[in-house]
Amino acid sequence: MKLKNKISRRDFLKVSSLAFSSLLAPPIIKPISEFLDDTPNIIILVFDAWSANHMQMYGYPRLTMPNLEQFAQKATVFHKHYSAGTFTVPGTASLLTGLYPWSHRALNLGYSGIIKEHAAHQAFALLEDTHSIYGYSQNRYADVFLNQSEKYLNTHISSGEFSLERRYLYNWPLFKNDANMVLESFAENIFQFGYGRDASLFFGSAFRLWKLRERVINTYQYDDLYPLGIPDSTEQFLLSDLADGLISILDGLEKPSFVYLHVYPPHDPYRPAKKFFGEFSKGWQPKKKPIHPLAEEKAPFGDLVKQGQYYDEFLLSWDEELKRFLEYLEYSGLFENSYIMFTSDHGELFERGEIGHDTPLIFENLIHVPLIISKPGQIEREDVNAYTSSLDVVPTLAAWAGKPIPTWVEGKLLPGFGGIEDPERSIFAMDAKQNSSFAPLTQATISLTRMKHRLTYYNYPGNQHFEFYDLSEDPDELEDLYPTMPSVAKRMRDELLQKLSEVNRKYEN
Amino acid sequence: MTFLFNRFPKREEILSVFGGVVFIVFSWSIRGFLYIFPSLILRHSVGETLSVLCYMLAFSLFESLFLIGGELLVSMFLPRKWFLEGFAYKGFISILVFTIAMIVLKNNLTNNLPPVNILYLGFAIAISFIVVMFFLLDKVAVFRKTLLAIEERLQVFVYIYVPLGILGIVVVVFRNLR
């Protein structure tokens, strides 16, 4: 049969009418892929420096996050979940890799990321072939890991996308291939904010003056919203803009997607909204704890109480904005077809002379972080009381994506999601910000939590000592039992030292 | 165009001032790099640490060119006697005065914007100081000769720092085009 190689006027009109009707089709007919692919979305929200012990459902007397607690009524709540790191860099790296800091080596406050050996051992690479991947981090120290995973991300939203100002050059498309080095070069060297040591003699000061002027304008404009100043991730932002921004990321998500959203609140500076400022000034007050000899700030108790109060009010302010986000999850249908996880990279301290997390100390409030997971369509709350670690997130993601647990992870599948509760599990956490990433751990604090006990090893030149607490009898960690050397402390010490020697061996030569 | 070229200082004079600019800008940058070096080597490999240095060198070259460009622009628009005549020492002394002003500013700049009046006052003091220096340089020959002698010796830095800056740019371009 000979095919007509010319289109008649009649044929053209027929085809045109079909083309026109196809414009109407998308809202009526769903893409076939949506029927075929039942893989749920995975949405992880990380609130930076969010301590579990500041939420009522974890036993805190103040109701700091009523909307999230309501969400948790239809989710799985983990009661003894611990971060492996005590600040953003190691905490986030462990969350994303399923590795302890001694393995991924993102130890210092900087922009080096995970060592090359483990660069592909992380959540984004794991889900690359099953999910569309979206990444957003408002904290530039966590954005480092997104930069490092750029090739696995379908969409990388810039850290300043929802801020009032843009301070950094690293997320310009021009520098996309070398973002972490640009960040290190410009933010830590060429334009150093606030320290007076910028490597650029003339542009450094000019740039800082221009940015400071921008901040003054913002402050005048939004002064009435935030009595203690505008929320600040080193770029000023409004909580409402942030919540709207998160919604805009989820709006029109391809299915299935893996979305990693790392937001700054409640990280310091604690800037509650006017509506909640002073909300917790009366009523319950925290217990006074002795100043720790290794505390760096040695802040008086009154300051600790005040800052703790602002932190709680900041949480309450963020929760108010979060309400819209949670409602969006509900009416957009994401609640029905997604795993939704809320967690943190580390906690926060308001005790023993320390405010925040820039400290060598390790205590419960600094490493005990919330973990709340809603399964697709979950309608009843479940509670998990077993010890879990931030390392367990990656293996659980693998399971959700129908993949085997990677051999390189040091975490386990979360109980409630196929994992088995292990009552004798050892959970490590560490701070080694003064230690080289390429050297044995000789300037670090390492804690081992196991069977309601915690052993902490302060390993610094000229100050090497252990502390041991019975968390069931003494949850505030006030009585150091190490000098009495109970047998369990000795066993835990041997375990910790053996582990330390094992992880150090690789770096000793 | 002829008007513009007539307002341009001699090539030797530009090179002479550029030597001073390059010396000040690059030396300050290297000082800044050495300050953060101990923390860089804690977390970066040698290659990464050197790449931070390359970004800094590339930026310093850009900053130096911007400053000398600014001086040339000023020489074009100010009356000939004010700046163009004696560009070699006037260009250098004005950069020196602004360097001191910037260091004072840096040491007083915190996370809060200083009062605008103070900034204007500082700027006015720097300009006044430059004017006084210009007057002294025109009148006191020893002062002028000393300054020119220093400048002449600083010219060697053009041949050290500029190639380093170009190398920095090459590394930065290479890293971003990969």
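So you know, we letter chains A, B, ... as the sequences are listed, proteins then strands, and number each from 1.
- Not one N or O on the side chain of A:S205 forms a donor-acceptor pair closer than 3.5 Å with the backbone of B:K106.
- In this structure, no portion of A:K116 lies under 4.5 Å from any heavy atom of chain B.
- A 4.5 Å side-chain heavy-atom check between B:L177 and A:N177 finds every atom pair outside the cut-off.
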Using the side-chain contact (heavy atoms from CB on, under 4.5 Å) rule, take B:T99 and A:F202 through it: C-alpha gap first, then chi angles, then the decisive distance, then the call. CA-CA 8 Å; B:T99 298; A:F202 292 86; 3.6 Å; yes

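- Among A:N180, A:N189, A:L174, A:L107, the residue making the largest number of heavy-atom pairs under 4.5 Å with chain B is A:N189.
- Contact annotation for residues 39-54 of chain B against chain A (heavy-atom separation below 4.5 Å, listed by residue number): B:L40, B:I41, B:L42, B:R43, B:H44, B:S45, B:E48, B:S51, B:V52.
- Considering every non-hydrogen atom in both A:A199 and B:G32, the closest pair reads CB-CA, 4.4 Å.
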I'd like a table of donor-acceptor pairs (distance under 3.5 Å, sequence neighbours excluded) in which one partner is a side-chain atom from residues 112-141 of chain B, with atom names and distances.
unit_1 : atom_1 : unit_2 : atom_2 : d
B:S128 : OG     : B:A124 : O      : 2.6
B:D138 : OD1    : B:Y89  : OH     : 3.0

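- With a threshold of 4.5 angstrom between heavy atoms, A:N435 approaches chain B through N, CA, C or O but not through any side-chain atom.
- Neither the backbone nor the side chain of A:I115 comes within less than 4.5 Å of any heavy atom in chain B.
- Heavy-atom neighbours of chain A within the stretch residues 58-65 of chain B, taken at a separation under 4.5 angstrom, comprise B:F59, B:F62, B:E63.
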Extract all donor-acceptor atom pairs below 3.5 Å that involve side chains of residues 72-86 of chain B and protein atoms in other chains or at least two apart in sequence.
unit_1 : atom_1 : unit_2 : atom_2 : d
B:S75  : OG     : B:L72  : O      : 2.7
B:R80  : NH2    : B:N6   : O      : 3.2

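- Of the atoms belonging to B:F66, it is side-chain heavy atoms, and not backbone ones, that fall under 4.5 Å from chain A.
- Here the straight-line distance linking atom CZ of A:F203 with atom CE of B:M102 works out to 10.0 Å at 0.5 Å rounding.
- Looking at A:L201, both its backbone and its side chain come within 4.5 Å of chain B, counting heavy atoms on both sides.
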In sequence, state the C-alpha distance, the side-chain angles, and the governing distance for A:D178 and B:Y55, and then conclude on side chain to side chain donor-acceptor pair (under 3.5 Å). CA-CA 11 Å; A:D178 201 23; B:Y55 271 99; 2.7 Å; yes

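- The local environment of CD in B:E152 is sparse, with at most 12 non-hydrogen atoms from other residues, nucleotides or ligands closer than 6.0 Å.
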